[in-house]
Every structure is written in C-alpha cells, then in structure tokens.
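Naming convention: chains lettered A, B, ... in sequence-line order (proteins, then strands); numbering from 1 in each chain. Heavy-atom basis, side chains included; hydrogens, waters and symmetry copies ignored.
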Amino acid sequence: MTTTLYTSDHEWLAIDGDVATVGITDYAQQQLGDVVFVELPKVGRSLKKAEAAAVVESVKAASDVYAPVTGEVLETNAELAAEPALVNSDAQGKAWFFKIKIADKSELGGLMDEAAYKAHTA
Amino acid sequence: MLAHDQDSLKRTPLYDLHVSLGGKMVPFAGYDMPVQYPAGVLKEHLHTRAAAGLFDVSHMGQIRLLPKSGKVEDAARALERLVPQDIVAIAPGRQRYAQFTNADGGILDDLMVANFGDHLFLVVNAACKDADEAHLRANLTGDCVIEPLADRALIALQGPKAETALAKLCAAAPGMKFMDAGPHEVAGFKCFVSRSGYTGEDGFEISVPAGDAERLAKLLLENPDVLPIGLGARDSLRLEAGLCLYGHDIDTATTPVEAALEWSVQKSRRSGGARTGGFPGADKILAHFDNGASRRRVGLRAEGRAPVREGALLFAGEAGGAPIGQVTSGGFGPSLSAPVAMGYVPTPLAALGTKLFAEVRGQRLPLTVAAMPFVKNTYKR
C-alpha cells in the first residue's frame with residue numbers, strides 16, 4: 001500500500017515502506033511548460049531534505065527539484081532522462097525522477113496529503 | 001507565480017485579445033505581454049517554422065523622422081551622425097538594420113530604419129524607446145521633426161505560410177522582397193508593411209493604427225495556418241536564427257565588430273569609404289574593423305542535451321583556468337531538438353569548430369563554436 005504526499009515546492013512522493021518515489025506534480029509541469037531536459041541525481045548519492053536533487057528544464061528556464069526527505073538515492077528513471085517530455089504527459093506516473101531510501105520517517109510529518117496540496121495550489 | 005504590480009504595467013492594443021486567447025501574461029519591458037498561449041512554447045515555435053505565427057510586438061517603439069528641409073536625404077544624413085550604417089543609400093521603399101552607438105563604440109540600441117520616400121521610419125526596442133527618442137531629440141532636432149507614433153500597434157506575421165495569409169488581406173504582400181517596406185492597406189487599414197522579422201523565417205511586420213489592431217489580428221487569426229505566438233517562442237526562434245537580443249547579446253559594452261555585426265556596416269562608413277566615420281565611437285569601431293577586436297560573439301552548440309543558458313561561464317579546458325567568456329543567450333532550440341547558445345570568446349577561440357566548455361551547475365559541459373544561423377533562414381530575397 002503506497003501513500004502519496006506532497007511538498008510546498010510541488011514534488012510528490014509515493015511512499016512504500018521506507019522507500020519514496022519522487023517526481024514533480026502535474027500542477028508544476030503545467031507551470032513549467034514543455035520540458036526539454038532533466039538531470040537526475042547519481043544513484044548512491046546521499047541527499048539532505050530540501051537539497052537540490054535534480055533539475056528540470058523547459059524551453060524557457062531551469063528549475064531545481066528538491067529532495068523532499070533525507071536519504072540515499074536508490075534508483076533513477078532512465079526512461080525519463082531519455083524522454084523528458086514524459087513530465088508533461090504523465091508527471092505523476094511514468095515521469096518519476098528518483099527513488100530515495102527514507103532516513104528519518106519523522107520528516108514525512110511536515111508534508112501535505114492530496115487534499116492539503118490541492119488547497120495549496122488552488 | 002511571480003508577483004508583479006499589474007497597475008504599473010502598460011498594455012498594448014492587443015491586450016484583451018491575448019487574454020481571450022488564453023495568453024499567460026508576464027511583465028516585459030514595462031508591458032504586460034503574453035509569454036505563451038495554451039499551445040505552449042514548443043508547439044508555438046514549431047508552428048511558426050511550419051506554417052505561420054502572429055506576434056504582438058506593439059511594445060516596440062515606432063518613430064518617424066521628418067526632414068525639416070522636406071528632403072529625406074537630409075534626414076538620412078542627420079541619422080548617419082548616430083549610426084554606423086549607410087542610411088543615405090537606403091532606397092525609397094527599403095529598410096536596413098542599424099545600431100545607435102555611443103562614444104565608446106558600444107551599442108545603445110539596435111533598430112530598423114526604413115525610407116518611406118519623404119521621411120524615415122524607425123522601429124526600436126521597447127526597453128530603449130524613451131532613451132532613443134531623447135537621443136534623437138538631443139542630436140537631430142535641428143534637421144528633423146522627431147515624431148513617436150504611440151498610437152500604432154505592431155504585428156509580426158512570420159513563417160512559410162505568412163505570405164499567403166497576408167496576401168488575402170494585402171494584395172501587395174507577395175510582390176515585396178526581404179527588407180522592402182512601405183505604406184500599404186491591409187484589410188482596408190492604413191498600415192506600414194515590411195518584409196522582415198525576428199525569427200529567421202520569411203514574414204512581415206505590420207504597423208497598424210491602434211484602434212484597428214485587434215480587428216486586423218483577428219482577421220489574420222481566422223486563417224487556420226496562423227496561430228498566436230508568445231514571447232517565449234519569439235526568443236527561441238530568434239536564438240536559432242542567430243539574431244541578437246539587445247541588453248543580452250549586445251549592449252553599451254559591445255561594439256558592432258565584437259558582436260559579429262560587420263555585415264550591417266556598409267563600406268561607405270568604414271575606413272576609406274565616402275562617408276567614413278562621423279558616428280559616435282567611430283574611432284574605436286573603425287579600429288576594430290581595421291585591426292580586429294580582441295573578442296567576438298560566436299554561436300555555440302552543446303554535445304549533450306543540457307541547455308546552456310545566459311550567464312554560464314566559458315572555459316578553454318575541461319578543468320582549471322580562468323573563464324574566457326560568457327554565454328549571453330542560450331537555451332533549447334526546438335527546431336534542432338538540441339541546446340543552442342551564443343556568447344563572447346577571445347578572437348583566437350572564435351574559429352568554427354573550436355572546442356570550449358561551459359560551466360553549468362558546477363560541471364563543465366563540452367561545446368563547439370558553430371556557424372549561425374543555427375537554422376537556415378528562409379528570407380525572400
């Protein structure tokens with residue numbers, strides 16, 4: 001059973017045990033426009049919560065994707081690196097950025113559930 | 001969303017149309033302008049190269065120079081005191097690209113100058129238009145009446161289908177060649193039409209009375225080949241075309257020679273020409289022509305897919321060393337599906353094929369000095 005949580009910076013995390021799959025929200029991709037490039041973190045990298053972890057670039061501009069929790073990068077989405085436009089077509093599905101091993105589950109307490117995130121972007 | 005003071009922003013005569021078309025409005029040069037429409041930058045860019053795009057460039061300044069003597073050649077001679085171009089040689093019905101230079105040989109603004117038979121018609125950048133007008137008044141008042149045309153909009157129609165789209169409303173359009181310019185009726189409105197643009201595509205720029213602008217834009221947009229295009233795609237199109245953006249690729253610290261704009265300075269104004277010099281910064285600019293400049297604007301292609309953007313520092317090697325230059329414009333070129341950039345490098349490193357590196361997020365990405373335009377232009381010469 002996975003739970004999906006959201007950050008105020010428009011990342012989503014699908015949590016399955018102590019592993020979180022991270023991407024950017026559909027709202028975020030709409031704001032960015034056509035995504036032409038993503039840069040993913042190296043597998044094995046230790047990320048601190050709120051650290052810049054990945055980059056997503058539209059024709060217009062580059063934006064950081066932040067680590068929503070502290071932990072180690074377990075896997076990155078090679079399909080996304082090859083086809084950045086997946087962010088626009090399936091932001092909260094196929095266009096996941098990376099999986100992270102959650103170091104401290106208490107950090108999840110500060111994140112939003114779907115209803116709270118909807119209110120945040122309304 | 002970026003917070004901005006909506007009240008202080010000016011609106012063009014097409015503002016309501018942009019909003020009704022779903023334009024995402026952003027502040028640009030003091031105006032509330034559409035950066036994109038619902039189609040998005042990528043589709044807007046590709047549509048312009050495949051069919052036709054309509055751009056609102058009404059924020060740009062339109063200025064008439066009326067010779068007090070009644071002879072357009074006198075206005076041309078007067079304007080030559082401010083630009084290194086041969087203005088006298090612009091035939092009636094033609095226009096030319098020019099730059100206002102300063103005493104250091106830098107560029108105050110770049111502009112288009114058209115000869116309308118009895119006066120000159122100038123189009124200048126939005127961010128510079130007040131300063132340009134003051135500059136003209138300070139220097140040319142003895143010879144010319146300087147008349148800003150604040151009550152006109154400017155619409156660009158660009159792309160391979162631009163000619164057929166405009167021909168439906170303006171019978172004269174197909175007969176015009178690249179850089180022809182003059183008064184023409186478009187859909188019965190009293191317009192000034194030039195065959196020019198800022199995309200590298202064939203196309204037209206249409207100055208129309210403000211009160212007629214929305215009706216004209218709607219008539220053009222009735223054609224299914226024509227889509228509205230925002231500033232985002234305008235920038236990616238001009239970048240692929242290798243065209244300079246004032247304030248970024250050229251400014252008061254770059255001479256026309258450093259900026260690789262030698263082609264825009266006619267022989268008559270260079271050393272040994274019939275009217276050599278006589279413009280601000282002529283000593284420095286002519287010295288650059290005669291002896292070369294120490295740096296040069298070049299095109300840059302990346303090997304990877306990561307866009308290299310404005311401000312990125314350039315290096316000669318993969319590690320160590322001081323920066324040798326900087327990227328002045330850069331991004332993703334939708335027609336090439338690859339990053340493109342331009343920037344300034346020392347002249348010995350400006351040769352085509354030179355390998356350089358750009359620092360992006362702490363990493364040095366390999367680049368190659370490449371010919372511009374990046375996308376072949378399709379002007380109707």
Quiz question: by atom type and distance under 3.5 Å, do the side chains of B:Arg301 and B:Thr368 form a donor-acceptor pair? no
So which part of A:Val38 gets closer than 4.5 Å to some heavy atom of chain B, the side chain, the backbone, both or neither? neither
Less than 4.5 Å to any heavy atom of chain A: does that hold for the side chain of B:Gln363, its backbone, both, or neither? side chain
Could you measure the distance from the CE atom of B:Met342 to the CZ atom of B:Phe374? Nearest 0.5 Å is fine. 6.0 Å
Show your reasoning for whether side-chain contact (heavy atoms from CB on, under 4.5 Å) applies to A:Leu5 and A:Ile15. CA-CA 8 Å; A:Leu5 296 174; A:Ile15 294 148; 3.4 Å; yes
Donor-acceptor pairs are to be reported for all side-chain atoms of residues 109-119 of chain A against protein atoms at under 3.5 Å, with residues two or more places apart or in another chain.
{"from": "A:Asp113", "atom 1": "OD1", "to": "A:Ala115", "atom 2": "N", "distance (Å)": "3.3"}
{"from": "A:Asp113", "atom 1": "OD1", "to": "A:Ala116", "atom 2": "N", "distance (Å)": "2.8"}
{"from": "A:Tyr117", "atom 1": "OH", "to": "A:His10", "atom 2": "ND1", "distance (Å)": "2.7"}
{"from": "A:Tyr117", "atom 1": "OH", "to": "A:Thr25", "atom 2": "OG1", "distance (Å)": "2.7"}

Given A:Gly33, A:Pro84, A:Ala61, A:Ala62, the one with more heavy-atom pairs under 4.5 angstrom with chain B than any other is A:Ala61
Tell me whether the rings of B:Phe28 and B:His59 are parallel (<30°), tilted (30 to 60°) or perpendicular (>60°). perpendicular
May I have the step-by-step check of side chain to side chain donor-acceptor pair (under 3.5 Å) for B:Ser329 and B:Arg238, ending in yes or no? CA-CA 10 Å; B:Ser329 279; B:Arg238 71 90 197 168; 2.7 Å; yes
Are a donor atom and an acceptor atom from the side chains of A:Asp9 and A:Thr7 found within less than 3.5 Å of each other? no
Those residues of residues 309-326 of chain B, ordered by number, that approach chain A below 4.5 Å (heavy atom to heavy atom): B:Arg309
